[in-house]
Novice: 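Please read through the structure below; I'll follow up with questions.
Predicted model only: the values in this text are computed from it and were never measured. Heavy-atom basis, side chains included; hydrogens, waters and symmetry copies ignored.
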Amino acid sequence: MRELVIDGKTITDDGDCFVIAEVGHNHQGKLETAKEMFRVAKECGADAVKLQKRDNRQLYTQAGYDKPYDHENSFGLTYGEHREALEFGWDEYNELMAYAKEIGITMFSTACDFPSAAFPAKLDVPAIKIASGDLTSIPLLTYIAKFQKPMIVSTGGGTMEDVHRAYDAIMPINQQLCLLQCTAGYPAAFDELNLRVITSFRERFPDTTIGLSSHDNGIAMAVVGYMLGARVVEKHFTLNHTWKGTDHAFSLEPIGMKKMVRDLRRTRMAMGDGVKRVYETEVNPIIKMGKKLVAARDLPAGHALKREDIALKSPGDGLPPYELDKVIGRVTRGAIKKDDDITFEVLNGSEGWAEAAS
């Protein structure tokens with residue numbers, strides 16, 4: 001049985017979806033904005049909020065760090081300056097962890113390099129996320145696996161061979177693994193989401209929780225993912241699409257996040273148990289819409305019923321139409337007026353059937 005426990009919440013195939021609001025760096029490097037996003041994500045029903053942690057000097061080559069990055073979404077003249085402006089340190093993470101605990105939402109982060117993996121582990125975060133870009137970073141994956149925290153691994157831009165390699169590297173060390181189907185487009189085109197990979201993952205990795213990191217612009221695909229077996233869904237989250245930054249445009253605003261969580265919760269309930277039954281709420285509508293057997297015209301006593309003597313009319317509070325063949329040929333005991341119910345009791349020779357029907 002698949003089971004993954006994150007911050008005391010158990011994720012199983014027959015349970016609700018674990019919803020992650022990917023804050024990333026949409027907080028724009030502002031601590032109070034991050035707190036507001038945490039609060040709103042909680043109000044929307046998300047289970048967790050996630051940040052991204054980078055040790056920028058360790059992560060990027062000098063050329064990459066110094067690359068000019070001066071445009072409308074930049075927070076610095078170089079890519080390194082841009083990333084540093086958005087990065088939270090120890091004090092901010094400690095404060096955010098305390099705030100998340102206070103409001104009752106799980107917080108963790110993506111670890112993009114070795115120092116950034118040790119950082120959240122030292123904070124005792126309840127899980128660690130690995131971005132699609134590190135699916136093939138086996139040394140980093142095995143390093144993170146040793147912290148014995150639940151690992152959520154995105155698989156965007158990878159092949160099934162890449163996913164198997166990562167799985168084979170992690171599982172001997174740490175069985176607390178979730179694999180997310182992901183397409184690393186920002187945003188991802190709908191014809192490239194390939195949601196059936198969720199089914200493929202479930203077949204190939206029967207002991208592992210499967211999820212979806214969806215970079216599309218809508219909320220419907222999360223429900224499709226759940227129906228295919230995804231039990232973790234990650235969606236980028238923002239308070240305003242128009243804010244400065246590259247991720248805001250395809251992130252969900254609060255109304256979208258709230259609707260997505262609502263629809264995911266409804267989906268689990270709506271799936272039911274597979275047993276076909278009649279619910280109490282259906283009884284009156286079905287009587288109103290259903291049909292019964294009635295006289296198509298005035299009929300005398302002693303009349304042998306023919307098909308043309310019988311009509312099917314609403315409401316369906318009498319003998320159901322599937323009993324039609326049982327009354328044809330029976331003889332009326334008394335006169336029957338048009339639209340009167342035709343029942344076993346008003347016909348001769350129908351006593352046996354009436355008893356059988358009851």
Novice: Taking only residues two or more places apart in sequence, or in another chain, which ones meet Tyr143 in a ring-ring contact (aromatic ring centres under 6.0 Å, His included)?
Specialist: Phe114, Phe147
Novice: Just to verify, what does Lys338 make a side-chain hydrogen bond (donor to acceptor under 3.5 Å, both in side chains) with, not counting sequence neighbours?
Specialist: none
Novice: Please go through Val278's hydrophobic cluster and name the other residues, only I, L, V, M, F, W, Y counting, with side-chain heavy atoms under 4.5 Å joining them.
Specialist: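 In the cluster with Val278 are Val283, Ile287.
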Novice: With distance as the sole criterion, is a donor-acceptor pair present between the side chains of Glu161 and Thr159 under 3.5 Å?
Specialist: no
Novice: For Asp55, which residues count as a side-chain hydrogen bond (donor to acceptor under 3.5 Å, both in side chains) partner, sequence neighbours excluded?
Specialist: none
Novice: Would the distance check show the side chain of Lys149 and the main-chain N or O of Val125 forming a donor-acceptor pair, the cut-off being under 3.5 Å?
Specialist: yes
Novice: Can you name the residues that form a side-chain hydrogen bond (donor to acceptor under 3.5 Å, both in side chains) with Thr155, not counting sequence neighbours?
Specialist: none
Novice: Taking the side chain as everything from C-beta on, heavy atoms only, tell me whether Leu135 gets closer than 4.5 Å to Val153.
Specialist: yes
Novice: Tell me if a side-chain donor or acceptor on Ser314 pairs with a main-chain N or O of Gly290 at a distance below 3.5 Å.
Specialist: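 Between the backbone of Gly290 and the side chain of Ser314 there is a qualifying donor-acceptor contact (under 3.5 Å).
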Novice: Quick one, Glu323 and Phe344 - any side-chain contact, counting heavy atoms below 4.5 Å?
Specialist: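 Side-chain contact under 4.5 Å: yes.
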Novice: Shortest non-hydrogen contact from Met107 to Tyr93?
Specialist: CE-CD2, 3.5 Å
Novice: By the salt bridge (charged side-chain N to carboxylate O under 4.0 Å, His left out) test, which pairs, at least two apart or in different chains, include something from residues 199-219?
Specialist: Asp13-Arg202, Asp216-Lys235
